[in-house]
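Comments concern the structure below.
Remember, predicted model here, so these are calculated numbers, not experimental data. Worth knowing before you read on, the calculation uses all heavy atoms, side chains too, and leaves out hydrogens, waters and symmetry mates. Just so it is clear: chains get the letters A, B, ... in the order the sequence lines come, proteins before strands, and each one is counted from 1.
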Amino acid sequence: MPELAEVEYYRHRWDAGLGQTVQSVALHGQLRVFRGTDIEELQRTLRASVFSESSSHGKWMMFRFARQRRFAWIGIHLGMTGELHCEAANFSPGTHDHFVLQQRERALVFTDPRQFGRVKFHAGSTEPEWWAELPPEILSKKFTVQWVEEFLLRRGRAPLKAVLLMQQAFPGIGNWMADEVLWRARLHPALKAGRAALHALRLWKELRWVTAKSLRIVGKDFSSPPASWLFPHRWQPGGRCPRDGTLLRRATIGRRTTAWCPRCQFRGAERVPAAKRKAGTPGREAKE
DNA sequence: TCCTATGTTGTATG
DNA sequence: ACATACAACATAGG
């Protein structure tokens, strides 16, 4: 499920283990989530180290470990179905529990049935490249209106929805957050990004608003956003726009199921009227 | 049986 | 080189 707010929620589930020594590291089942990682070194380095720090960036989480003056970093991405949880010390892993950090009083577990998630590893005295090179976070100073505008222009021909999902510009935004932002900015998900660049300020504001609020609501204790959000209505059959009561529409846009209000989310005047479209001919819009 | 799922990556094409 | 579109990955549930 995880987008940035859920990621933050899951990250804190390992907090109980902070300051505690890792006694052993268990890798279980398929090793797919470790693709590209030296698992031998990972296990060797983490054993007897202290779990000393935890942070997140978009959909990535980073956990730091220390042994004497040596540091190790674990990066975890939850993919589509990943979760972190904390279990009793005598925990025995199930089929989808791929990564277990055993501590004296608990087990820190990474579970992921579909295995789209991944675990990265780095040891040394400086931060790993894959952590240092991440794009500006949405709530950071470096995430400016210009940043948004320039990216929209560069991806000018792609549908706005698809562009909002691009992690190199909007780290942490996923399917439901993108829909929420578009609905609040009153922009149609199929609008060409180049056209949406005119409304970069609005998008920037809503990106930051939705991000901040989601962290407080979902990130804190996995609560659901209130009925005034698009969120609780978007998958409901017969779901209606909380702003004007219009029946929501759904379609596949940018390869993902998208919900929007056909009344308050305009495509804008740029839409060339399909003057002579024969009845029965599919339009440019994705099938519904 | 077929469809869906809050994600990313590799590959083909323009 | 750059942007865009799509299949693929693996599993569960309706």
Whole Å only: how far is the [atom1] atom of [X] from the [atom2] atom of [N]?
X         : N       : atom1 : atom2 : value
Met80(A)  : dA12(C) : CE    : C1'   : 12 Å
Lys192(A) : dA3(C)  : NZ    : C1'   : 13 Å
Leu165(A) : dA5(C)  : CG    : P     : 13 Å
Glu83(A)  : dA5(B)  : CD    : C1'   : 14 Å
Met177(A) : dG7(B)  : CE    : C1'   : 15 Å
Asp97(A)  : dT11(C) : CG    : P     : 14 Å
Asn175(A) : dG7(B)  : CG    : C1'   : 10 Å
Leu153(A) : dC2(C)  : CG    : C1'   : 15 Å

Query raised in the report: Roughly how far apart, to the nearest Å, are dC6(C) and dT4(B) at atom P?
Result: 15 Å
Query raised in the report: If we take the P atom in both dC3(B) and dA7(C), what is their distance in whole Å?
Result: 13 Å
Heavy atoms from C-beta onward define the side chain here; which of [options] lies closest to that of [X]?
X         : options                 : result
Arg155(A) : dA5(B), dT4(C), dA10(C) : dT4(C)
Ala158(A) : dT6(B), dA10(C), dA5(C) : dA5(C)
Arg114(A) : dG7(B), dT9(B), dA10(C) : dA10(C)
Arg154(A) : dT8(B), dA3(C), dT6(B)  : dA3(C)

**Report entry** Whether Phe116(A) stacks on the six-membered ring of dC9(C) base, 5.5 Å and 30° limits
**Finding:** yes
Query raised in the report: How is Gly156(A) classified with respect to the nucleic acid when contacts are heavy atoms under 4.0 Å: base, sugar-phosphate, or nothing?
Result: sugar-phosphate
Report task. For DNA chain B, just give me the dot-bracket, please: Watson-Crick or G-U, both distances below 3.5 Å, ( ) intra-strand, [ ] crossing earlier pairs, | paired with another strand, . unpaired. Result -> .||||.||||||||
Query raised in the report: Excluding sequence neighbours, so at least two apart, what forms side chain to side chain donor-acceptor pair (under 3.5 Å) with Ser56(A)?
Result: Glu8(A)
Looking at [X], does any N or O in its side chain come under 4.0 Å of the phosphate oxygens OP1/OP2 on [N]?
X         : N       : result
His96(A)  : dA12(C) : yes
Gln115(A) : dC9(C)  : no
Lys59(A)  : dT6(B)  : no
Arg118(A) : dT8(B)  : no
Arg255(A) : dA7(C)  : yes
Gln167(A) : dT8(B)  : yes
Thr257(A) : dA5(B)  : yes
His77(A)  : dG7(B)  : no

Requested in this report: Show the numbers, then the answer: is there a side-chain hydrogen bond (donor to acceptor under 3.5 Å, both in side chains) between His188(A) and Trp260(A)?
Outcome: CA-CA 7 Å; His188(A) 195 291; Trp260(A) 75 96; 3.2 Å; yes
Requested in this report: Using the side-chain hydrogen bond (donor to acceptor under 3.5 Å, both in side chains) rule, take Thr111(A) and His98(A) through it: C-alpha gap first, then chi angles, then the decisive distance, then the call.
Outcome: CA-CA 6 Å; Thr111(A) 302; His98(A) 308 295; over 6 Å; no
Report task. Over 60° means perpendicular and under 30° means parallel, so classify the ring planes of Phe143(A) and Phe170(A), tilted if in between. Result -> perpendicular
Report task. Mind telling me whether Trp229(A) and Trp209(A) have parallel, tilted or perpendicular rings, with 30° and 60° as the class edges? Result -> tilted
Does the ring centre of [Y] sit less than 6.0 Å away from the ring centre of [X]?
X         : Y         : result
Phe222(A) : Tyr10(A)  : yes
Phe99(A)  : Phe34(A)  : yes
Trp130(A) : His122(A) : no
Phe71(A)  : Phe65(A)  : no

